[in-house]
Structure formats: structure tokens, C-alpha cells
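Take a look at the structure below.
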Amino acid sequence: QVQLIESGGGLVQPGGSLRLSCVVSGRTFNSLRMGWFRQAPGLEREFVGTISHTAGRTYYGESVKGRFTISRDPAKNTVYLQMDSLSPEDTAVYYCAGTTYGGSYNRPGGYEYWGQGTQVTVSS
């Protein structure tokens, strides 16, 4: 049974930074492509970014490119989402996701494992 547990969400002022963490258990970490998505109230789940299994190649959604950075630490079975230059538009529940398949990495349907989500609120 694969579990993904996010942490690190909270309240931050505009222009500030946060780092989210996602710890993976129950599956060999290096067998998973990992992704981050977010969902604001009333909106569809949005692709934030992804990082590949072992090469660590990253791809980002247009709205976060240049501000957010994804990394992974195999020694800790953890993937990170570093978020800089945050704005109120980044307010959402952020979800960590994992997949062993080579499906669409920028769509929620491309991932079979999901965390419970962590709230990020950007407000002054």
C-alpha cells in the first residue's frame, strides 16, 4: 500500500516562500514519477510540476514556471516543492501524486497515488 504524506503548508505573505514536502512509503521511491497539483475552490485540479524517476527531469505548469522548483531526495523517500515569489493566486490545496506508468504527467489521470493535500494560503 502506497502512502504519500504532504506537509509544509500554511499562511504566507505575498512575495514570500514555502517548501512543501511529500514522504512516500510502501513503494520503491525510485520507481515513481512524482507530481504536484493544486486545487483552488471552485476550480479544477491544476498541474504544478513533475519530476522523473531517477534522472530528475522536471517540467512545470506555465503559471509557476520560474518561481517553483521540484526536487527529490531518494535517501529520505521525499519529494519537495519549493515555492518562491508567492502571490494570492497561488492559494490552493496542494497535492502530491505518484505514478509508475508513463502516462500524461501533466494530468491528474496520469497518477494513481495521491496524498491528502496541504493548504497553502497567500495573504497579507
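Just so you know, residue 1 is the first one in the sequence shown, and it goes up from there.
- The side-chain tip of Arg72 does not point at the ring of Tyr80 from less than 6.0 angstrom away and within 45° of straight on.
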Working for side chain to side chain contact (heavy atoms under 4.5 Å, CB included), residues Leu4 and Val23: CA-CA 6 Å; Leu4 280 61; Val23 178; over 6 Å; no

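- Remark: the backbone N or O of Gly110 is paired with a side-chain donor or acceptor of Thr99 at under 3.5 angstrom.
- In this structure, Ser25 OG and Gln1 CD are separated by 8.0 Å, a value rounded to the nearest 0.5 Å.
- Side-chain heavy atoms closer than 4.5 Å link hydrophobic residues (I, L, V, M, F, W, Y) into clusters, and following such links, possibly through other members, connects Val64 to Val79.
- Nearest heavy atom pair, residue Gln82 against residue Arg19, reads OE1-CB, 3.4 Å.
- Between Val24 and Met34, the shortest heavy-atom distance links the atoms CG2-CE, 3.7 Å.
- Taking all atoms of both residues into account, the shortest heavy-atom contact from Val120 to Gly9 is CG2-CA, 4.2 Å.
- The minimum heavy-atom distance between Thr78 and Ser21, with the atom names listed, is CG2-CB, 4.2 Å.
- Side-chain contact check for Leu32 versus Tyr113: some heavy-atom pair is nearer than 4.5 Å.
- The line from OH of Tyr94 to CD of Glu6 is 12.5 Å long, rounded to the nearest 0.5 Å.
- Shortest non-hydrogen contact noted between Ala92 and Gln119 is O-NE2, 3.4 Å.
- With a 4.5 Å cut-off on side-chain heavy atoms, Trp114 and Pro108 count as touching.
- Residues Trp36 and Phe68 place their aromatic rings such that the two centres sit no closer than 6.0 Å.
- Residue Thr118 holds its OG1 atom at 9.0 Å from CG of Leu18, rounded to the nearest 0.5 Å.
- Taking the centre of each ring, Tyr111 and Phe37 come in below the 6.0 Å mark.
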Steps toward side chain to side chain contact (heavy atoms under 4.5 Å, CB included) verdict (His53, Thr100): CA-CA 9 Å; His53 303 70; Thr100 57; 5.8 Å; no

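- With rounding to the nearest 0.5 Å, the separation of CZ in Arg38 from CD in Glu46 is 4.0 Å.
- With hydrogens and angles ignored, the 3.5 Å screen pairs a side-chain donor or acceptor of Arg67 with a backbone N or O of Ser63.
- Expressed to the nearest 0.5 Å, how far CD1 of Ile51 lies from OG1 of Thr69 amounts to 10.0 Å.
- Minimum heavy-atom separation, Ser123 to Pro14: C-CD, 3.6 Å.
- With values rounded to the nearest 0.5 angstrom, Ile70 atom CD1 is found 11.0 Å from Met83 atom CE.
- Both tests do not hold together for Arg107 against Phe47: distance to the six-membered ring centre under 6.0 Å, angle to the ring axis within 45°.
- With no hydrogens or angles considered, a side-chain donor-acceptor pair links Asp84 and Ser17 at under 3.5 Å.
- Criterion: ILVMFWY side-chain heavy atoms under 4.5 Å apart, direct or through other members. Under it, Tyr105 and Leu81 are not part of a common hydrophobic cluster.
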